[in-house]
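Keep in mind that this is a model prediction, so the values were computed, not measured. Both backbone and side-chain heavy atoms feed into the values below; hydrogens, waters and symmetry mates do not. This chain uses plain numbering: 1 for the first residue, then up along the sequence.
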Amino acid sequence: MATPNTQIPLSGLARKLVQDGLLSDAQAQQANNEALKAKVPFVSYVVEKKLLPAIELAQAASTEFGVPLLDIMTVDIDPDVAKLVAEKLIRKHHTLPIFKRGSRLFVAVSDPTNLQALDEIKFHVGMTTEPILVEEDKLGKAIDKAIEANDTSLSELAGGDTDLDDVEFVDEEAANGPAPTESDADDTPVVRFVNKVLLDAINKGASDIHFEPYEKNYRVRFRVDGILKEVAAPPIGMGPRLSARLKVMSRLDISERRVPQDGRIKLNLSKNRSIDFRVNTCPTLFGEKIVLRILDPNSAKLGIDALGFEPEQKEVFMTNLNKPYGMFLVTGPTGSGKTVTLYTGVNILNEPNINISTAEDPVEINMPGINQVNVNPKVGLNFADALRAFLRQDPDVILVGEIRDLETAEIGIKAAQTGHMVLSTLHTNDAPQTLTRLVNMGVPPFNIASAVNVIIAQRLARRLCTHCKQPVDIPKGALLEEGFTQEDVEKGIKVYGPVGCDQCSDGYKGRVGIYQVMPVSEQMGKIIMEGGNSMQLAEQAKKEGVKDLRESGLKKVRDGMTSLEEVNRVTKE
């Protein structure tokens, strides 16, 4: 180790300062030795000991090495750019990413001869690095400010009593043995980064988080209000460590990277709030893609009025939910809100005098007072087996996560015919198609006609922000083509569109349900028994005053709740 008396040849910036007469040879030699001894950069030592003003030091370095000089206090640093490099690396090399242009990352440095720092950052982010010279004292303040902003912004979003270091995941299976560990998974910067991403997703109202590795970059995306958006681009070398951390949290096999795995994370945000995540890993060409579905128990307690039913639809919903027996079906594509609708119904029925059992794959939201079963085909427990078990346990209400096969459909229908209320989901485009889908699965038409009470088809549309939405001018002919009536057009309906403000995301905030609520009438039963198709059923539903998804969507547009573009996105075929 160097001592004050050790003579080490001066190089780089120290030599330049001596040549320019800014420091004597003895001063430079001593500063160089003391900086090595204290393990601090030479520039930091010179400024700290006030051997030279920071501005003179920066000007000399800029002239000698041809690096542009910038007053960093006049620059608004993008937090997303600052987050591209790990805090550990920023502190180690006393550097700060300040902006990027295409594949070039501009890095603030106080010593342009520190090529090791630029090379290491280049390696971690996979981008070309360009140095920008900054005064030493100002750079230190900018680094502290940038790191503090990254740490506090997310913890504030999570709530005043939440600190990033206090966030912890709950090992619900600790009794089965210690959780898997790997040194990379315990890397503190990785732990903090994952905690930040999870907190940010929760507070932005995201439904899913995607961790995605590619050949030359890594990205993190949130699905907010049904739309995917990129929120972070950590260094590509961080990918394996992120995967390891997430797999440790969800008790998955870290060493297995060849096959998909499913797990679950329970995250304690504070004493009063915890969130569950459903985790799935999938091997891709360049690493494991990991998707987390956020399961917030509060979503099941929204209440029926928050779902977006029209008054007459709500009445049909409640009437059929409170029937003593029959089948209550909800249909729609993945991510259309079927689970929340069913849980809302189950929550309404959840009384001490009613026995409710659910079979789900997997259980998404834990609800006290309800007997919930995780379907597990690997051990021989499928929906049909769970249903058979329920029927021997004196049930009043049964919820089946999804009707996927004939066996499950037949047992569910028999249960509905023998004094039980059965709630379930199917993947079909609209309500009339659900009935023909059951016939195609092999369920006898007379069983469908006698067992199914109501079918609800649904979609989720983004809700216009009330702070910034503005009327849009659409020609009358175009409105008629979109499905509005002549009466609507003559009245001069107002159609609103998105604008965007600091209160929302691209002009939208939250989502609203669009529904087709179709009770199965006697006439529909006859059509099914006679082998009718979905088009005949749709015509009959229209005669009976049932609004299809398109009509319900246009009603939301008339009410100013969503935009015509959004309704077209979720309902137009």
- Message: If you count every heavy atom of other residues, nucleotides or ligands that lies below 6.0 Å from Tyr214 atom OH, does the total exceed 12?
- Response: yes

- Hey, is the main chain of Leu426 close enough, under 3.5 Å, to the side chain of Thr331 for a donor-acceptor pair? yes

- Query: Would a 4.5 Å heavy-atom cut-off, applied to side chains only, mark Arg404 and Asn382 as touching?
  - Reply: no

- Message: Is any side-chain heavy atom of Thr428 closer than 4.5 Å to one of Ile455?
- Response: no

- Query: Is there a donor-acceptor contact under 3.5 Å linking the side chains of Lys204 and Ser505?
  - Reply: no

- Message: To the closest 0.5 Å, what do you measure between CZ (Arg245) and CZ (Phe211)?
- Response: 11.0 Å

- Roughly how far apart are Ser250 OG and Asn280 CG, rounded to 0.5 Å? 10.0 Å

- Side-chain ion pair, Arg278 and Asp262, N-O less than 4.0 Å: no

- Query: How long is the span from the NE2 atom in His210 to the CD1 atom in Ile290, to the nearest 0.5 Å?
  - Reply: 12.5 Å

- Message: Check whether Thr281 reaches the backbone of Gln261 with its side chain - one donor and one acceptor, N or O, closer than 3.5 Å.
- Response: yes

- For Glu310, which of Lys547, Lys556, Arg558 qualifies under salt bridge (charged side-chain N to carboxylate O under 4.0 Å, His left out)? Lys556

- Query: Is there side-chain contact between Ile294 and Ile209, with at least one heavy-atom pair below 4.5 Å?
  - Reply: yes

- Message: Measuring only between side-chain heavy atoms, which start at C-beta, is Ile90 closer than 4.5 Å to Pro97?
- Response: yes

- Query: Mind checking whether Val81 and Ile98 have side chains closer than 4.5 Å, heavy atoms only?
  - Reply: no

- Query: Is it true that a side-chain atom of Gln516 and a backbone atom of Val546 form a donor plus acceptor pair closer than 3.5 Å?
  - Reply: no

- Where the side chain of Gln313 meets the backbone of Tyr515, is there a donor-acceptor pair that is under 3.5 Å apart? yes

- Minimal heavy-atom distance between Pro333 and Arg459, with the atoms involved, is CD-NH1, 3.4 Å

- Query: Do Met518 and Pro432 have side chains that get closer than 4.5 Å, going by heavy atoms?
  - Reply: yes

- Sequence neighbours excluded, which residues qualify as ring-ring contact (aromatic ring centres under 6.0 Å, His included) partners of Phe99? Phe106

- Item | Rounded distance [0.5 Å steps], OG1 in Thr485 versus CD in Glu551 | 10.0 Å

- Note on the structure: Closest non-hydrogen contact found for Cys468 with Val499 is O-CG2, 2.9 Å

- Got a salt bridge between Glu288 and Lys247, using NZ or NE/NH1/NH2 to carboxylate O under 4.0 Å? yes

- Message: Checking the side chain of Ser424 only, and the main-chain atoms of Val400 only, is there a donor and an acceptor separated by less than 3.5 Å?
- Response: yes

- Task: May I ask you to decide if Gln470's main-chain N or O and Lys494's side chain share a donor-acceptor pair within less than 3.5 Å?
- Result: no

- Query: Just checking, is any N or O donor in the side chain of Asn347 or Thr344 under 3.5 Å from an acceptor N or O on the other one?
  - Reply: no

- Work out which heavy atom in Tyr496 is nearest to a heavy atom in Pro471; give both atom names and the distance. CD2-N, 3.6 Å

- Between Asp225 (side chain) and Gly510 (backbone), is there a donor-acceptor pair under 3.5 Å? yes

- Item | Minimal non-hydrogen separation, Phe317 against Gly345, with atom names | CZ-CA, 4.2 Å

- Item | Which atom of Asp361 lies closest to which atom of Val375, heavy atoms considered | OD1-O, 3.8 Å

- Residue pair Leu295, Phe277: steps toward the side-chain contact (heavy atoms from CB on, under 4.5 Å) verdict: CA-CA 6 Å; Leu295 310 171; Phe277 298 83; over 6 Å; no

- With a cut-off of 6.0 Å (strictly less than), are more than 12 heavy atoms of other residues, nucleotides or ligands near CE of Met535? no

- Message: Any heavy-atom pair between the side chains of Arg221 and Glu230 that's under 4.5 Å?
- Response: yes

- Item | side-chain contact (heavy atoms from CB on, under 4.5 Å) assessment of Leu460 paired with Val570 | CA-CA 7 Å; Leu460 284 177; Val570 298; over 6 Å; no

- Item | Lys/Arg-Asp/Glu bridge criterion (N-O < 4.0 Å) met for Asp506, Arg462 | no

- Checking Asp200 side chain against Lys196 main chain: does a donor-acceptor pair fall under 3.5 Å? no

- Query: What are the two closest non-hydrogen atoms of Gln458 and Ser336, and how far apart are they?
  - Reply: NE2-O, 2.8 Å

- Message: Do Thr571 and Arg550 pair up side chain to side chain, a donor and an acceptor below 3.5 Å, judged on atom types alone?
- Response: yes

- Is the side chain of Asn350 donor-acceptor paired with the backbone N or O of Val346 at a distance under 3.5 Å, no angle test? no

- Considering residues at least two apart in sequence or located in another chain, which fulfil the salt bridge (charged side-chain N to carboxylate O under 4.0 Å, His left out) criterion with Arg293? Asp208

- Task: Please name the residue in the list Val191, Val279, Leu292, Leu198 that meets the side-chain contact (heavy atoms from CB on, under 4.5 Å) test with Met249.
- Result: Leu198

- Backbone N or O of Gly401 within a donor-acceptor pair of the Thr425 side chain at under 3.5 Å? yes

- Looking at Phe286 versus Tyr218, is the centre-to-centre ring distance below 6.0 Å? no

- Item | Rounded distance [0.5 Å steps], CD1 in Ile132 versus CG in Leu96 | 12.0 Å

- Message: Would Thr95 and Leu118 count as a side-chain contact (heavy atoms from CB on, under 4.5 Å) here? Give the steps.
- Response: CA-CA 9 Å; Thr95 58; Leu118 297 173; 5.8 Å; no

- Message: Working note: Lys314 + Ile304, criterion side-chain contact (heavy atoms from CB on, under 4.5 Å); need CA distance, chi angles, decisive distance, verdict.
- Response: CA-CA 8 Å; Lys314 177 184 172 183; Ile304 188 169; 3.9 Å; yes

- In Å and rounded to the nearest 0.5 Å, what is the CZ to CG distance from Arg223 to Leu228? 4.0 Å

- Message: Are Pro283 and Arg257 packed together at the side-chain level, in the sense that at least one heavy-atom pair is separated by less than 4.5 angstrom?
- Response: no

